[in-house]
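Chain letters run A, B, ... following the sequence lines, proteins first and then strands; every chain starts at 1. Scope of the values below: all heavy atoms of this structure, side chains included, with no hydrogens, waters or symmetry mates.
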Amino acid sequence: MCVVHPEFAPDASLSREEMEALQHEVAETAIFEDEFDFDPERVRSGPSDDGQTQLPSGKEKTAEDDPIVVGVDQAFVGEKAVSAIVAARDGEVIERTHAAVETEIPYIPGLLSFREGTAILRAFKKLSVEPDLAIVDGSGRIHYREAGIATHIGVMLDLPAIGVAKNLLCGKLRDPPQGHMREGERIPVLANDRVTAPNGTVIGYALQSRQYDNPEKRHVNPLYVSPGHRVSAEMTANLVWQLCAGYKLPEPTRRADAYADEVKQTVGS
DNA sequence: GCGACAG
DNA sequence: ATCTTGTCGC
């Protein structure tokens, strides 16, 4: 697929100030509302039926009509950043692409897209199918300047995108849980002083995608999901939840994770 | 100065 | 993210 906003390219040679300025531009271009064409109810972790569902009009729903969801994950081999993308429709993998790019800068909280963005975009350019939604590992709006890696990628490609992180970069939970969250539970993540958005803005959700029966003994931490582009915070939580299939991470992410591992052993350092 | 800190 | 064996629990 093609880059729609090349002017937002995550150039690693920029100064820190320039990177932050670029992120502010990305955030201004980002849309944190539901502005996508696919039917959100047709986004799911896997086949929900035999694909023979009859509609009143006489037409029928087929997998070909389902939205294409891509999972994006990063891995490292020596000094190379490996980006893996797995596209699926109705839970069926239809294409996989990857790219390995030499890293130019170290990991800096808040500037992740400048370290891994180029590899991700290169992998996206190799993708022949046209995705409807991207699930990116890392934050989206849950970011100091509301421009996490999911937002940066989504805006550049003008593709609906969602950020799925295992840890909270910034922001604060509206209602801190007593003990551990129950499976399916979600708590709003609000903007605080460290975020450019007005204090109290819901910039994402803590989503308990999986939990053990007895959290006292053994428990799972929640996922921190946030809008990347063209998706609201509420819809973000709904879609990620629908993409989970009994594991902590949503299926698109798990598939990209596994593919990244495969690629790692293929690409030498 | 001290604390916070996606992957 | 990555370095890494065993081990606890469902």
Readout for nucleotides 3-10 of chain C: B = base within 4.0 Å of protein heavy atom, S = sugar-phosphate only, - = neither; 5' to 3' it is -----B-S
Indicate for each nucleotide in nucleotides 2-7 of chain B, in 5' to 3' sequence, whether protein heavy atoms under 4.0 Å reach the base (B), only the sugar-phosphate (S), or nothing (-).
--SBBB
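Residue-level contact check: Ala75(A) touches the backbone only, with heavy atoms under 4.0 Å from sugar-phosphate atoms and none from bases.
Side chain to side chain, His229(A) and Asp158(A) meet the donor-acceptor criterion of an N or O pair below 3.5 Å. With 3.5 Å as the limit, one finds no donor-acceptor pair spanning the side chains of Tyr212(A) and Glu183(A). There is no side-chain donor-acceptor pair under 3.5 Å between Ser83(A) and Glu116(A). Judged by distance alone, the side chains of Ser232(A) and Asp34(A) do bring a donor and an acceptor atom under 3.5 Å apart. There is no side-chain donor-acceptor pair under 3.5 Å between Asn192(A) and Asn199(A).
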For Arg186(A) and Asn238(A), run side-chain hydrogen bond (donor to acceptor under 3.5 Å, both in side chains): C-alpha distance rounded to whole Å, both residues' side-chain angles, the deciding distance at 0.1 Å, then the answer.
CA-CA 10 Å; Arg186(A) 56 189 68 176; Asn238(A) 292 338; 2.7 Å; yes
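Open room surrounds CD on Glu79(A); 12 or fewer heavy atoms of other groups in view lie less than 6.0 Å from it. No more than 12 heavy atoms of other residues, nucleotides or ligands shown are found within 6.0 angstrom of CD on Glu41(A).
Between Phe38(A) and Phe36(A), the ring planes are parallel. Angles under 30° get that label, and only those over 60° would be called perpendicular.
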Could you spell out the base pairing of DNA chain B in dot-bracket, with Watson-Crick or G-U pairs whose two distances are under 3.5 Å, [ ] crossing and | to another strand?
.......
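Comment: Glu146(A) engages Arg141(A) in a salt bridge, judged by a side-chain N to carboxylate O separation of less than 4.0 angstrom.
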